[in-house]
Each structure stands twice: as structure tokens, then as C-alpha cells.
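Start at 1 with the first residue, then count along the sequence.
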Amino acid sequence: MRLSLLGSTGSIGTQALEVAEQLNRTGTFPVEIAVLAARSNVQLLEQQARRFSPQAVALFDPAAARDFRQRTRDLDITVLEGPEGLCEAAAWEGADTTLNAVVGMVGLRPTMAAIKAKKTLALANKETLVAGGSLVIEAARQNGVKILPVDSEHSAIFQCLQGSPGERAVKRLILTASGGPFFGWEKERLQAVTPKQALCHPNWDMGAKITIDCATLMNKGLEFIEAMRLFCVTADEVEVVIHRQSIIHSMVEFRDGAVLAQMGTPDMRLPIRYALTYPERMQSELPGLDLLACPPLTFAPPDLEAFPCLKMAMECARIGGTSCAVLNGANEAAVELFRREEIAFGRIPELVERALDAIPVVSAPGMEDILEADRQARACVRRAAGS
């Protein structure tokens, strides 16, 4: 495999490089890193470039790209920059697989570039399918591109569906959610949550934006929409349950009443590994799941009153069109304001709801409609927050 890794300095990206090194050590599934791409973390990207010797790197921030060129004048490496550079990295001729692990709406165009270049797409950028929806799925169909999910929940469903006799055999998809750090909290108590508290996830080691989304349950809402797109089901065929232990990563219920669950330790290297080696399962150095050491496995319904972001996402899933792009763009803007301590935690869902109420929905959007909905949503949130 020759891999183009977008988002190499983030949580998923760094773990993907660990997986690649482990696979290369065993020699059973060699992974060549053809391209590395990041937003602006020049120092870490330089370390990665010197370690993995890619053909090219891409930096979304042009100033960071100039800095990288200065630092690596001794290396024979192509340096790409800006949004177009990220798209060029996604479609790089010297790679056969693209792992899109960038965070946010910025990942949509590179996803489309990889699909149009007919790359196998390992997808960890959920915003691609939340905002891009049917455009992405249709482009993948037309180009014969298989989308391999990297999110642990969607990887779990994908694994459970292996060997399924067809879509009509599935009754529902059951997404599990840890409930985040504030499970059981009442809505009033959540108002005083600080960024430091929201960034303490009980089970998973993830980037800041996704961790905060887990705290609001918006992450599960985005995954709800993503599951619909990936597996071609309706909103009524997807359910969310709180599973605090994060041992069962998701389940599939079939029409005959059977339920298949994928279990494992809460370690993102497992679904990353499966996406890279699919359909094979290679020997791993990671510790297996010790069932005798597991705590009791519990399940509960989500509290949609205390965590309205999940409810709004489920409603947008039913509405469709550009509503999902508005939801995602407004949430990204609100989370960034919260991280900068410019708004309270409880204002995140309030601002997202305001954007959803204010921006008209385009029912059958093209790419420009989606990008415009995202722009309007962000602007609406900033205006409402007074920033």
C-alpha cells in the first residue's frame, strides 16, 4: 500500500503512522507513506517527514508551508500548500489509498478529490458525509471507490455487515456512545462546564474538537447522519444507546432478530488498522480484549433534553438537504468560541439551533450550496455570539 495521510499531525494521523510502522515491522503488509498533510504543525510534520520520507507534504497554512520549506531544504520533497495543496495531496499519483483524518468541513474537498482520482478512501473525517451527503456517496459510486470507515462506530457496523446477505436483511444500526464526561448531568449543571472539563473524555484519546463534541453528544449526532450515508439507511433505522464502557463499539440488528456486536478495547488503532488492511486481518501487537477483566456492560437511552445537540442532529438527518451542513458549520464555529472561552458550554446548542432556524434549507444541494450553507452558519453563530 502507498498511503496519502491527510491530518498526519492529529490524533488519528499520529496513530495511523504507529499502525503503519507496526505493519512494516511484521513485513506482512508493507505501508509506504507517499504523502503527509497537516494544517500548520510544522515541527511535528518535519519530524514525520524525516522519519517516513514521503514524496510530498502539504500544509493548509501557506505561512507554515514556507516555514517547512526553510526547515527541510536538505530533503528532496515536494511541498504543497493551501486548500488546493490539500486536494492535490488527496489525489497524489504516487498513492493508491487516501486516509482523510483532517478535522472539520475542510475535509470535504480533499475527499472529493481522492474519489475523483479513484483512490481507495479510508475516511475519518465525518464532516465529509455529514455536509457532503449524497454528493460524496454518488461520486464514490460513479468512480467505483470503496469508502472504508475509520470511526470506531462505523468500522464496527462495517465489520458486523461482512457476510450480510444484503441491505434488506438489516433492521437497524445501533450506535453506541460513551455519554462523554457529563453523563447523568442535568441541563442546568452543564451551563458552568469549562473547556478543561469538556476535554477530559473518560475512555478515548482524541483531538480537542471531537472531544468537546463528545461532551455535547454532537459527535454522536454527526455519526448518526454519517451512518445513514455510509450504509444507505433511513433515520428510523439508526438508534443511539449510551454504553459507558466503550467495549461494544456498535451493533447491527437483523430482521430475523439476531444482533451482531463488534467488541474491543477503546483504542483507535484497531479501526485504523482494519481500514488500512481490509479485507485482511493482520497479526497485531495491540493487547486483546480480556473479557474476564471487563466491567459489567451497561446500556441506557441518551438524555435529549440535557444534550439537545444530538436531538438537533437527528432532526437534521430527517430533513436532509443543506440542514446537515448548517448544523455542522454552526457547531464548528460554536465549539471554537467555547474553546476560546468566549461563550459558555450551554450556548453551543443554543447557537446551533439559532443557525438552523435562520438559514433556509436547500433540498437537493450542489457543492456550492453546501459551502454557502456552511459559510452562512458560521457567520450566524459569530453574529449571535457578538464576536
Side-chain angles (χ1 to χ4, degrees), residues 1-104 106-125 128 145 148 150 207 268-269 271-278 282:
M1 170 189 286
R2 293 167 297 162
L3 181 66
S4 174
L5 177 55
L6 313 184
S8 69
T9 60
S11 175
I12 296 295
T14 54
Q15 291 178 86
L17 291 174
E18 289 181 36
V19 170
E21 284 192 309
Q22 193 273 325
L23 289 168
N24 286 335
R25 279 196 299 272
T26 64
T28 55
F29 194 90
V31 179
E32 176 190 341
I33 305 300
V35 186
L36 295 169
R39 177 177 287 274
S40 59
N41 191 338
V42 175
Q43 184 173 357
L44 180 53
L45 186 63
E46 180 188 356
Q47 293 173 13
Q48 292 175 343
R50 293 187 182 280
R51 185 166 186 169
F52 293 95
S53 302
Q55 300 166 21
V57 302
L59 281 141
F60 189 81
D61 183 341
R66 291 192 294 271
D67 186 13
F68 185 90
R69 289 190 184 95
Q70 287 297 316
R71 289 168 175 258
T72 58
R73 286 175 293 181
D74 59 315
L75 299 180
D76 181 17
I77 189 169
T78 300
V79 182
L80 311 170
E81 65 179 67
E84 295 308 314
L86 195 59
C87 290
E88 189 174 347
W92 189 254
E93 186 177 355
D96 51 58
T97 300
T98 298
L99 170 51
N100 187 349
V102 304
V103 176
V106 69
L108 177 56
R109 284 192 181 276
T111 288
M112 295 296 282
I115 290 173
K116 289 177 182 177
K118 302 185 187 302
K119 306 298 182 183
T120 297
L121 180 63
L123 189 61
N125 172 257
T128 282
V145 169
L148 301 173
V150 173
M268 279 305 301
R269 290 172 294 180
I272 292 169
R273 183 187 185 87
Y274 187 68
L276 293 183
T277 63
Y278 175 81
M282 302 298 179

Notebook entry, point to check: Taking all non-hydrogen atoms of both residues, which atom of A37 and which atom of L86 are closest, and how far apart?
Noted result: CB-CD1, 3.7 Å
Margin query: My understanding is that only residues two or more places apart in sequence, or in another chain, count here; which of them pass side-chain contact (heavy atoms from CB on, under 4.5 Å) with T9?
Written below: A38, N41, L44, L45, Q48
Check: Does anything in residues 84-95 pair up under side-chain hydrogen bond (donor to acceptor under 3.5 Å, both in side chains), and if so which pairs, sequence neighbours excluded?
Finding: Q55-W92
Checklist line | Pairing residues for F68 by the ring pair (Phe, Tyr, Trp, His ring centres under 6.0 Å) criterion, not counting sequence neighbours | finding: none
Check: Just how far is it from atom CG of L99 to atom OG of S8, taken to the nearest 0.5 Å?
Finding: 10.0 Å
Note to self: Using side-chain hydrogen bond (donor to acceptor under 3.5 Å, both in side chains), reason through Q22 and R273 one step at a time and then give a plain yes or no.
What the structure shows: CA-CA 10 Å; Q22 193 273 325; R273 183 187 185 87; 2.4 Å; yes
Item checked: Step-by-step side chain to side chain contact (heavy atoms under 4.5 Å, CB included) determination, L276 to M282 -> CA-CA 10 Å; L276 293 183; M282 302 298 179; over 6 Å; no
Next item on the list: Give a yes or no answer on whether the side chain of R73 reaches the backbone of Q70 with a donor-acceptor pair at less than 3.5 Å.
Entry: yes
Next item on the list: With rounding to the nearest 0.5 Å, note down the distance linking OG1 in T120 to CE in M1.
Entry: 7.5 Å
Note to self: Once rounded to the nearest 0.5 Å, what's the spacing between atom CD1 of I272 and atom CG of L148?
What the structure shows: 13.0 Å
Notebook entry, point to check: Between K119 and A90, is there a donor-acceptor pair closer than 3.5 Å when you use the side chain of the first and the backbone of the second?
Noted result: no
Next item on the list: Return the minimal non-hydrogen interatomic distance between A101 and I12, and the atom names on each side.
Entry: CB-CG2, 3.6 Å
Cut-off 3.5 Å, no hydrogens considered: what does the side-chain donor-acceptor table look like for residues 108-116, sequence neighbours left out?
residue: T111; atom: OG1; partner: N100; partner atom: ND2; Å: 2.8
residue: T111; atom: OG1; partner: G107; partner atom: O; Å: 3.1
residue: T111; atom: OG1; partner: T128; partner atom: OG1; Å: 2.9

Item checked: R39: side chain to side chain donor-acceptor pair (under 3.5 Å) partners, not counting sequence neighbours -> none
Next item on the list: Identify the two heavy atoms, one from V102 and one from N125, that lie closest to each other, and give their separation to 0.1 Å.
Entry: O-ND2, 2.9 Å
Check: Can you name the one residue among L36, D96, T98, T97 that meets side chain to side chain contact (heavy atoms under 4.5 Å, CB included) with S4?
Finding: T98
Margin query: Minimum heavy-atom separation for A95 and A34, please, with both atom names.
Written below: CB-CB, 4.0 Å
Notebook entry, point to check: Excluding sequence neighbours, so at least two apart, what forms side chain to side chain donor-acceptor pair (under 3.5 Å) with T26?
Noted result: T28
Checklist line | salt bridge (charged side-chain N to carboxylate O under 4.0 Å, His left out) involving D76 - partner list, sequence neighbours excluded | finding: none
Check: Rounded to the nearest 0.5 Å, what separation is found between the CG atom of D74 and the CZ atom of R50?
Finding: 4.0 Å
Next item on the list: With sequence neighbours excluded, tell me which residues meet side-chain contact (heavy atoms from CB on, under 4.5 Å) with A64.
Entry: S40, V42, L59, D61
Check: When you look at S11 and Q15, which way does the side-chain hydrogen bond (donor to acceptor under 3.5 Å, both in side chains) test go after all the steps?
Finding: CA-CA 6 Å; S11 175; Q15 291 178 86; 3.2 Å; yes
Notebook entry, point to check: What is the minimum heavy-atom distance between A89 and V35, and which atoms define it?
Noted result: CB-CG1, 3.6 Å
Margin query: If the condition is side-chain contact (heavy atoms from CB on, under 4.5 Å), which residues does R66 pass it with, not counting sequence neighbours?
Written below: P62, A63, R69
Margin query: If the condition is side chain to side chain donor-acceptor pair (under 3.5 Å), which residues does Q43 pass it with, not counting sequence neighbours?
Written below: none
Notebook entry, point to check: Hey, mind stepping through R51 and I33 against side chain to side chain contact (heavy atoms under 4.5 Å, CB included) and telling me if it holds?
Noted result: CA-CA 10 Å; R51 185 166 186 169; I33 305 300; over 6 Å; no
Checklist line | By side chain to side chain donor-acceptor pair (under 3.5 Å) - contacts of R25 (at least two apart) | finding: E285
Notebook entry, point to check: How long is the gap from OG1 on T72 to CG on D67, to the nearest 0.5 Å?
Noted result: 9.0 Å
